[in-house]
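In the text below, chain A, chain B and the rest are named by the order of the sequence lines, each starting its count at 1. Side chains included, hydrogens not; waters and symmetry mates left out as well; all remaining heavy atoms used.
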2 protein chains.
Amino acid sequence: MLDERKQKILRITVKDYIESAQPVSSRVLAKKYHLGWSPATIRNEMADLEEAGYLIQPHTSAGRIPSDRGYRFYVDFLMDLEPLPQEDIEYINYSFSCPLSWENLLEQVAEVLSQRTSFVGVVLFPQLNSAFLKSIELVELRENVISLIMTTSTGVVKERIIKLSYSSQEFELYSIKEKLNKSFANKELQEVYWLLLQKKVPKNIPLEIYQGLEQLLWEVLEKEKEEGIFIAGISRIFKHLEFQDINKVKDLLSVLEEEKTLASLLFSAFLNHGLTILIGNEIGISELSDCSIITTIYSLRDSIIGALGMIGPKRMKYERMLTFVEVMGKVLSEKLSEIFEK
Amino acid sequence: MLDERKQKILRITVKDYIESAQPVSSRVLAKKYHLGWSPATIRNEMADLEEAGYLIQPHTSAGRIPSDRGYRFYVDFLMDLEPLPQEDIEYINYSFSCPLSWENLLEQVAEVLSQRTSFVGVVLFPQLNSAFLKSIELVELRENVISLIMTTSTGVVKERIIKLSYSSQEFELYSIKEKLNKSFANKELQEVYWLLLQKKVPKNIPLEIYQGLEQLLWEVLEKEKEEGIFIAGISRIFKHLEFQDINKVKDLLSVLEEEKTLASLLFSAFLNHGLTILIGNEIGISELSDCSIITTIYSLRDSIIGALGMIGPKRMKYERMLTFVEVMGKVLSEKLSEIFEK
DNA sequence: GTTTAGCAGTCATTAATAAGGAGTGCTAAA
DNA sequence: TTTAGCACTCCTTATTAATGACTGCTAAAC
């Protein structure tokens, strides 16, 4: 473990670098922060910190910058969380003062996450595994073509167009619908999906219809957890010094556009059940080695249904961002419950 | 009008610049293309073309590049359209060999547009103004909270969660639904919207429900034409020489992320009813002054319902791209009809 | 033992200069 | 009307030199 002086030096080194974006030199540290040690002493300590892997020297005659490990130590032990500034509180209140549909709400959360931070905001779609199937409707669009509509307990509606191989009568569709609802309504989606996979379906239902339902559930349960996200503020990353280099932007952008990668990051945050920070290579994606990700979860009626987060340069004000993301998770949960509760 | 020699020189100047990305000099033109005129002669002609606004000289001792006007003349009068290469045909067939839902289809079209061109592909959502309302369903999610689900004749389903101010009984919801369907089913969405605006609604329908329907229609008819698009391949633009400069990328990206701008460009293509090319400043957006946009429309059952297109650097192979976009419009129309027709 | 002043050495950054090359416009002759 | 020739312009690249910011190390001071 680091002794007190080393911790102090690491702390202000990280803080100063986050502030200034310049490698921090012993001279600056001694002069600017009145530590009471000479630059030479600090130099020795910094050399030790480098040896221990907390700091990095970009080149021989440069100051030092934090390594992933240095940031990690700072985040875990050295920083003081900041409360949300009044300004942000007001901005959030203002942004969510109008009632929104759930999709627009998620989108707006991503947007606000980005606007207040100039980073990229992301929100994972609600995961429906533990949602209930509320009802199934069948609507005839034209002869032989129907639309199967599924409503879930979270208010998410999914639909699929199905072609029938024979001409259907209206009363017939009605009875099929009744049968389906009788068998499946108010069961968990996951359960319904299993029942379908095991072919435990009511009799006399046309093959096309229960296949359609099965595919719809597959999309909702399997595919969306991999792909369903809102992203906002990609173009804001140009504001940051670390993304003035075309190649870095290129790398970052190709990852952000490949939504699957991001979705799976958020999905593991969702499984994690709490506030998470990943710094640089901890993310496990080489293109994001200059970035950090802060994620948290959101819930509806005490059950966690999704995740949200923020991607920015490693050199970010963690003490603020952490609070901000946490609050946004709470706000989203609250607003969602407002949509669904009286 | 330009005489034959000037046209010939303009033609190969544009072609050569598109190919090489280098300002074209009189010497190269004379040597590479065996025109039978000396560099000096060509120089004189090029000077005339510059004076007439078809060519631009980046600086005194450089060759010439086409101006917007030069590209325009080339596109309108000088180029020979190329048929779609076999390779592209196969790629398209392969990409659309699996059946897809209409959303995935649109997304895939945007993706293919981008993949085969390394440009940005865009597809406008189907415009529902002339679609019919097929049915309205009401599903109770919990006490006092219902979901209103509207199906349209194009198979698009839209829903909205509505809170009721009083406790509703199931049979009551059923009768409301029947009334709504009786009044509105099989009418054009636009007409239904007008009826609602004029408060020509059946009696004894709770205020919240018809307000919900009105808002839903507003979203579909007004908002989506401004916002609903699929974009694909943003990160591919880095492959092009013109986007190696961080500031250009920044500009382009901020426009692309602001989906409204793009959607309204596509929307006017939709109103245009055909294949459109906009070159550089013709687009009317300063950030896109180095880009060109090619758009066309797609249809379902003989009525035009949307638009699609491609954004790339001005220096693109128009003879190919035009064909490609045109074909993609046809493919999308075909595949859409496959979803809806037998 | 710990701290510090002093100094040599390293490396990035910037500016200045020079050399080379590509291409034009103009003139005068063919 | 076309073309050869030449002076001129401007971009690009390489080289060099000067500057400045830090560090690591050593030896002296506390």
**Message:** What is the separation between atom CE on A:Met46 and atom P on D:dC25, rounded to the nearest whole Å?
**Reply:** 16 Å
**Message:** Tell me which nucleotide, if any, is Watson-Crick or G-U wobble paired with C:dA30 when both distances must be under 3.5 Å.
**Reply:** D:dT1
**Request:** Grab the CD1-C1' distance between B:Ile65 and C:dT24 for me, whole Å please.
**Result:** 16 Å
**Complete:** Heavy atoms of B:Leu308 and B:Gly329 approach each other most closely as CD2-CA, 3.7 Å
**Ring centre gap for A:Tyr74 and A:Tyr71 strictly below 6.0 Å** = no
**Prompt:** Does some side-chain heavy atom of B:Met310 sit less than 4.5 Å from a side-chain heavy atom of B:Val120?
**Reply:** no
**Complete:** Under a 4.0 Å heavy-atom cutoff, the residues of residues 22-35 of chain B touching DNA chain C are B:Ser25, B:Ser26
**Carboxylate-amine/guanidinium contact B:Asp48 B:Arg5, below 4.0 Å** = no
**Item:** Charged tip of B:Arg116 within 45° of B:Tyr91 ring normal and under 6.0 Å
**Value:** yes
Anything under 3.5 Å between a donor and an acceptor, one on a side chain of residues 246-254 of chain A, the other on a protein residue two or more places apart or in another chain? List them.
| residue | atom | partner | partner atom | Å |
| --- | --- | --- | --- | --- |
| A:Lys248 | NZ | A:Asp290 | OD2 | 3.3 |
| A:Ser254 | OG | A:Lys250 | O | 3.3 |
| A:Ser254 | OG | A:Asp251 | O | 2.8 |

**Prompt:** Does the ring centre of B:Phe73 sit less than 6.0 Å away from the ring centre of B:Tyr54?
**Reply:** yes
**Minimum-distance pair of heavy atoms, taken over all atoms of A:Val123 and A:Leu266** = C-CD1, 4.0 Å
**Item:** Verdict with reasoning, B:Val28 to B:Ser25, per side-chain contact (heavy atoms from CB on, under 4.5 Å)
**Value:** CA-CA 5 Å; B:Val28 167; B:Ser25 73; 3.3 Å; yes
Could you list the protein-to-nucleotides 11-15 of chain C atom pairs, N/O on both sides, closer than 3.5 Å?
| residue | atom | partner | partner atom | Å |
| --- | --- | --- | --- | --- |
| C:dC11 | O5' | A:Thr60 | OG1 | 3.4 |
| C:dC11 | O2 | A:Ser61 | OG | 3.0 |

**Message:** Can you confirm whether A:Val255 sits close enough to A:Ile285 that some side-chain heavy atom of one is under 4.5 Å from a side-chain heavy atom of the other?
**Reply:** yes
**Heavy-atom neighbours of B:Lys32 NZ exceed 12 at 6.0 Å** = yes
Please enumerate all protein N or O atoms sitting under 3.5 Å from an N or O of nucleotides 28-30 of chain C, with distances to 0.1 Å.
none

**Prompt:** In whole angstrom, what separates A:Ile42's CD1 from D:dC25's P?
**Reply:** 18 Å
**Message:** Just the rounded figure in Å: distance from C1' of C:dG25 to CD of B:Glu50.
**Reply:** 12 Å
**Request:** Using the salt bridge (Lys or Arg N to Asp or Glu O under 4.0 Å) rule, pick out the option among B:Arg64, B:Arg69, B:Arg43 that qualifies with B:Glu50.
**Result:** B:Arg64
Under-3.5 Å N/O pairs linking protein and nucleotides 27-29 of chain D:
none

**Request:** Using a strict cut-off of less than 4.0 Å between a Lys/Arg side-chain nitrogen and an Asp/Glu carboxylate oxygen, indicate whether A:Arg320 and A:Asp88 qualify as a salt bridge.
**Result:** no
**Item:** NZ (A:Lys6) with more than 12 external heavy atoms under 6.0 Å
**Value:** yes
**Asked** For the pair made of CZ in B:Arg64 and P in D:dC11, what is the distance, rounded to whole Å?
**Response** 15 Å
**Prompt:** Does a sphere of radius 6.0 Å around CD in A:Glu19 hold more than 12 heavy atoms from other residues, nucleotides or ligands, not counting ones at 6.0 Å or beyond?
**Reply:** no
**Request:** Do nucleotides 1-8 of chain C as a string where each nucleotide becomes B, S or -: B if the base has a protein heavy atom under 4.0 Å, S if just the sugar-phosphate does, - if no protein is that close.
**Result:** --SBBB--
**Request:** To the nearest Å, give me how far apart CG (A:Leu55) and P (D:dG24) are.
**Result:** 11 Å
**Asked** Is any side-chain heavy atom of A:Phe119 closer than 4.5 Å to a side-chain heavy atom of A:Arg236?
**Response** no
